[in-house]
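Any value given below was found using the heavy atoms of this structure, including those in side chains, with hydrogens, waters and symmetry copies removed. Note that the coordinates shown come from a computational prediction; the quantities given were computed from them, not determined experimentally. Each ligand, and each atom within it, is numbered from 1 in the order the structure gives.
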Amino acid sequence: MTETYQGRDLLQARYSRSAAIITWSVILPLALFIAACGRQEGKPPPVKAEKKLNVVTTVAPITSIVENIGGDKIQLTGIIPEGINSHTFEPVPSDVKILAAADLLIVNGLDLEIPTLKLARANMKQGSALLLLGDKTITDREYIYDFSFPKDHGHPNPHLWLNPQHAMRYATLIRDELIRLDPENKGAYEANTAAFLKKLEALDQAIQESIKTIPEDNRRLLTYHDSWPYFARRYGFQIIGAVQPSDFSDPSPKEVKRLIDQIRKEKVPAVFGSEVFPSPVLEQIAREGKTRYIDKLRDDEMPGKPGDPKHSYIGMMVENLTVMFEALGGSTAALKKVDPAPVAGAHADYRTRD
Ligand SMILES: [Zn+2]
């Protein structure tokens with residue numbers, strides 16, 4: 001496996017310099033031609049079974065973005081089941097098989113999937129490729145460190161995909177990599193990406209329009225799981241805080257008290273929990289801070305079931321923002337017009353929590 005892809009290119013360069021390959025390039029077609037002639041009076045030669053590029057991804061929103069671009073031209077498996085904590089996900093031994101068969105592994109990167117990457121590096125076949133989306137989307141000067149992802153731990157907040165502009169960059173990175181590995185389907189990858197980017201632009205527009213309807217003082221977020229800083233940076237939200245400490249445990253009583261005081265002082269209209277991380281502590285913080293507690297946000301679990309139009313990255317964004325904007329006193333009329341369905345239909349193998 002190579003991360004820079006130079007390994008494969010070098011290999012090809014070495015082969016093309018070799019005299020042996022030149023000889024074979026003459027002999028092989030000739031041999032095939034003779035073999036084909038010999039088969040003439042029988043059945044036609046068997047059609048070579050179409051072997052699709054085998055692509056493996058990690059969290060469901062990234063699987064969905066890849067599904068939009070690859071459509072039916074690739075075989076696609078998402079390795080991290082929906083609804084589990086992707087930050088602490090450890091692949092099981094049977095996942096080795098999936099990783100070992102992959103031609104391409106696409107991950108978020110920015111240290112989100114460390115155990116999966118470790119297993120991949122040990123087990124992926126030679127010549128396979130790895131694409132780290134987050135690392136190729138922003139520079140380290142744009143990394144956000146915060147309460148749940150403190151700088152002294154060295155891992156930036158990895159939740160880039162909740163900013164649709166970063167999702168657009170993910171889409172073009174994926175398109176280019178699919179074309180590099182499977183140039184035969186270039187046309188399909190380009191057309192799918194163009195259609196998907198249009199949808200992401202419509203989503204981005206709808207978000208901007210909706211935010212205008214939220215009273216300015218309410219454009220502030222206090223969440224349990226710390227997924228929204230790159231979204232906030234894009235759309236002018238203020239992150240008041242996140243509750244979940246960097247080890248994904250519950251916050252200390254001192255921290256809880258500080259958050260309650262802050263909510264009372266700043267009159268936050270709602271605090272947001274996550275379906276993946278049910279939090280009695282956040283409930284307590286909301287109750288004592290005299291604000292609403294809404295436990296419906298999700299950063300890597302998509303609504304509906306695989307095959308449903310809303311079971312998609314865009315569907316997840318629309319659902320999250322509908323919950324969020326309504327709670328903050330905004331209108332969600334613009335979001336309702338966004339079409340969440342994957343541009344080339346549903347093709348990915350998603351895994352769900354058992
Ligand atoms: Zn997360």
Side-chain angles (χ1 to χ4, degrees), residues 57-66 78-91 106-118 132-135 137-138 142-151 153-167 169-170 221-235 237 239-251 255 259 271-279 281-282 293-303 311-321 323-324 350-353:
T57 50
T58 52
V59 289
I62 290 176
T63 309
S64 172
I65 295 171
V66 177
I79 211 166
I80 302 184
E82 288 188 72
I84 73 151
N85 180 354
S86 59
H87 299 268
T88 55
F89 172 75
E90 297 265 356
I106 302 178
V107 305
N108 181 69
L110 297 183
D111 301 337
L112 176 67
E113 306 105 327
I114 289 173
T116 305
L117 277 179
K118 200 172 155 209
L132 292 117
L133 296 168
D135 303 67
T137 295
I138 58 173
E142 297 165 286
Y143 290 174
I144 292 176
Y145 295 95
D146 47 30
F147 177 68
S148 304
F149 298 91
K151 192 158 194 184
H153 287 211
H155 307 300
N157 194 311
H159 296 98
L160 294 192
W161 65 91
L162 294 164
N163 173 346
Q165 283 225 315
H166 291 329
R169 166 78 176 157
Y170 280 21
L221 287 176
L222 181 86
T223 60
Y224 182 74
H225 186 56
D226 188 12
S227 315
W228 297 92
Y230 297 99
F231 171 89
R233 181 190 269 172
R234 162 87 185 136
Y235 298 106
F237 267 66
I239 301 281
I240 288 189
V243 177
Q244 192 175 36
S246 56
D247 61 357
F248 302 102
S249 63
D250 265 337
E255 186 60 23
L259 286 162
V271 297
F272 298 96
S274 151
E275 291 192 331
V276 180
F277 304 99
S279 167
V281 178
L282 189 58
Y293 170 56
I294 293 159
D295 68 346
K296 291 274 180 287
L297 296 190
R298 36 173 98 218
D299 63 15
D300 51 20
E301 188 184 15
M302 304 187 308
H311 187 265
S312 68
Y313 164 75
I314 293 178
M316 184 190 80
M317 291 303 292
V318 167
E319 183 135 322
N320 272 323
L321 299 177
V323 168
M324 189 191 285
Y350 290 98
R351 303 162 104 197
T352 46
R353 179 174 40 178

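Here the side chains of Leu117 and Leu132 are in contact, with some heavy-atom distance below 4.5 Å. Side-chain contact between Pro303 and Met316 is present, with heavy atoms from C-beta onward closer than 4.5 Å. Side-chain contact check for Leu321 versus Phe231: some heavy-atom pair is nearer than 4.5 Å.
Phe149 pairs in a ring pair (Phe, Tyr, Trp, His ring centres under 6.0 Å) with only one of the listed residues (His225, His87, His155), which is His87.
Tyr170 and Asn108 share a side-chain donor-acceptor pair at under 3.5 Å.
By the salt bridge (Lys or Arg N to Asp or Glu O under 4.0 Å) test, Arg298 pairs with Glu275, Glu319, sequence neighbours left out.
The tally of protein N/O/S atoms under 2.8 Å from the Zn ion (ligand 1) stands at 4.
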